[in-house]
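Here is the naming used below: chain letters follow the sequence lines, and residue numbers restart at 1 for every chain. Note that the structure is a prediction, hence the values are computed from the model and not measured.
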Amino acid sequence: MIPEYFWALAGVVCIVGMLVTIRVGTRNAEDLSEPGDAAEPGGEL
Amino acid sequence: MSFQTLGILIILVLGATWIFAGLKVSKKVKNADDYLVGGRNVGVALGSATILATWVTGNTILAAPESGYTYGVLGVLGYAVGGGIAVIAFAPLAARLKEILPAGRTVGDFFRLRFDMKNYWLFLVMLLIWDLGWLLTQGMAAGILLESIFGIPFQVGVIATVVIVLAYVTIGGMISVLSTDFMQTLLIMILVFVFPALIYWMAGPREVYDGMLARMPETLRLDNPAGLLFLCVIPLVYIGEVFMDNTFWQRAFALRKSVMKKTFTYAGVGWIFVPIATGTLAFVAVGTGLDLPGGPSSVAPEVVARYAGTLGSVLFLALLWAALASTMAALLNGVAGIFMNDIYNNLINKRATDKQVLRSGRAATVVLAAITIVTALARPTTLLSLLIWLGIINAAYIIPIVSGAFFKRTNPTGVFISVITGVLVGLTFYGGGALDLLFFQIPLFDFPDWASGDLQGAVVSFTISAVGTLVSTKLFPRPYDFRRMRNWKPSSVTQAGV
């Protein structure tokens, strides 16, 4: 195998791993929002 | 009017416009929060514009074509997709940050509250190295640009650029940066799409393609090994940059929570087209066999000077200078934020009033600008080599930041050991077996060629820190209560009774 292909594949695995970690994090994260949070004032553009 | 006078005139007109805009909005700056996070009420349009203006740097205009010249089509794709993915990947993190740390001002706040002091100091040191490196490169790029296109002495170019940016950042902080970013983004987006069309119209797309096929056919191949490596690994470097960069954290804190994901996604998608547009300029050089006396990094200015004439060069200067100035402004404000919030308010004067913190931020901005001028005038290294070296540090922080923001059992000691190990081993792969500390190397091993390289260093650094962080969290979980961060207020705000 050409070394560059091996490292390229490793790079793809790292990126996919990171995206999966973020996905798992967003799904399982503890919800900290409170009732007042929804009433966000309108503001700048 | 001479060409040089015209160049100076453009810089003065653009600079005066931005200083005027900065002055106009500076009255809105009432406290440190306004200075650092623009009042925390920024919407989609202004938010996307400021993210774009910050992320379109001098590198996007100069290094994207260089990637295209070196790695061909895959180089341009890698540059564009990598940078775009990084901003889009930050969107869910930004939304989470707004939820867990609503009163946050800097990335330092997160590290201090979420982990422990050893992680906090390690991160601040790494961050300052990275930020100062970036400021230095933007200052150098400004000097090189004005020198190569208009023959303005390098020193004059560096000083003039830094002083103009300093003027509007010191006066209005983040609010000034936001208002000028909007104008700068409009200018960048108009020019960046006009240029490739104009150049290809002048050079002839058919001639460019045939020339590429005849001279460097590998630039058109999609299985080019070096190009594939760049395409698949460079996103790690960019994602690490965005996740560590305080300017992105400030924008996350500045935006309204409801528009967070949309704003970062729009900015990331919009950004992708900028390096694609500038990167394709390199193909004209390849296809026409254009001589590059200044090396591959000068490919964009050389192509513009050859095909766009005087007017084209002037417009190109305006584009590049807008990109440089907006990035430098955001960085100055971002690093000053770290100083006023994390060093002054949390270390030097914990009982500081909001006015004192604000004053320290302005003083820090002036000092940083002076450091930028002094270091840039020395021209210590090249842009690309510094960026890839710094990318190894960036890659090591991706999973620790994600894990710390989303998982409540992340082990701080595991993070600390993983980051240090990842960075050190990554720098050793970068140096081919010698620990590469930029100014000197410490020989340790003798790695074979296939196992060493700059981009390989980023893969190794990311892998070690990710595995170390996640495994230590699984084996030795340390529960954390996110309400501690959510209920936290900066001490200057507490002092002021806000």
Side-chain angles (χ1 to χ4, degrees), chain A, chain B residues 38-47 49 82 85 89 92-93 95-96 99-100 102 178 182 223-236 239 256-259 395 398-399 402-403 405-408 448-451 453 455-456 458-460 462-463 466-467 470 482-483 485-486:
Chain A
M1 190 185 206
I2 298 171
E4 279 88 350
Y5 288 167
F6 165 77
W7 286 104
L9 187 63
V12 172
V13 171
C14 289
I15 294 163
V16 172
M18 181 213 68
L19 293 174
V20 169
T21 311
I22 293 179
R23 185 78 187 137
V24 171
T26 48
R27 281 196 167 185
N28 300 333
E30 182 186 3
D31 185 13
L32 297 167
S33 55
E34 288 165 9
D37 289 355
E40 197 174 45
E44 291 174 37
L45 190 64
Chain B
R40 300 181 193 275
N41 199 25
V42 176
V44 178
L46 198 56
I85 284 180
L93 181 65
R96 176 72 176 161
E99 188 181 358
I100 59 176
L178 289 174
F182 200 75
D223 60 351
N224 175 7
L228 266 180
L229 175 64
F230 185 80
L231 175 73
C232 297
V233 177
I234 203 69
L236 274 184
I239 291 166
R256 291 203 298 276
K257 189 184 168 191
S258 54
V259 301
I398 297 175
I399 292 298
V402 171
S403 179
F406 288 107
F407 304 134
K408 58 181 178 184
D449 281 349
W450 68 267
L455 291 165
Q456 285 85 335
V459 174
V460 171
F462 173 89
T463 308
V467 172
L470 297 176
F482 279 110
R483 277 171 298 188
M485 257 202 269
R486 189 169 165 84

What part of [X] is in contact with chain A, defined as an atom under 4.5 angstrom from a non-hydrogen atom: side chain, backbone, both or neither?
X        : answer
B:Ala89  : both
B:Asp223 : both
B:Val459 : both
B:Ile239 : side chain
B:Ile398 : side chain

Shortest non-hydrogen contact between [X] and [Y], atoms and distance:
X        : Y        : value
B:Val233 : A:Gly11  : CG2-CA, 4.2 Å
A:Glu4   : B:Pro225 : CB-O, 3.5 Å
B:Pro92  : A:Thr26  : CB-CG2, 3.8 Å

From CA spacing to verdict: side-chain contact (heavy atoms from CB on, under 4.5 Å), A:Leu9, B:Cys232: CA-CA 7 Å; A:Leu9 187 63; B:Cys232 297; over 6 Å; no
B:Asp449, CG atom: more than 12 neighbouring heavy atoms under 6.0 Å: no
Value rounded to 0.5 Å, distance of CZ in A:Arg23 from CZ in B:Phe406: 10.5 Å
Ring geometry between B:Trp450 and A:Trp7 (parallel below 30°, tilted from 30 to 60°, perpendicular above 60°): tilted
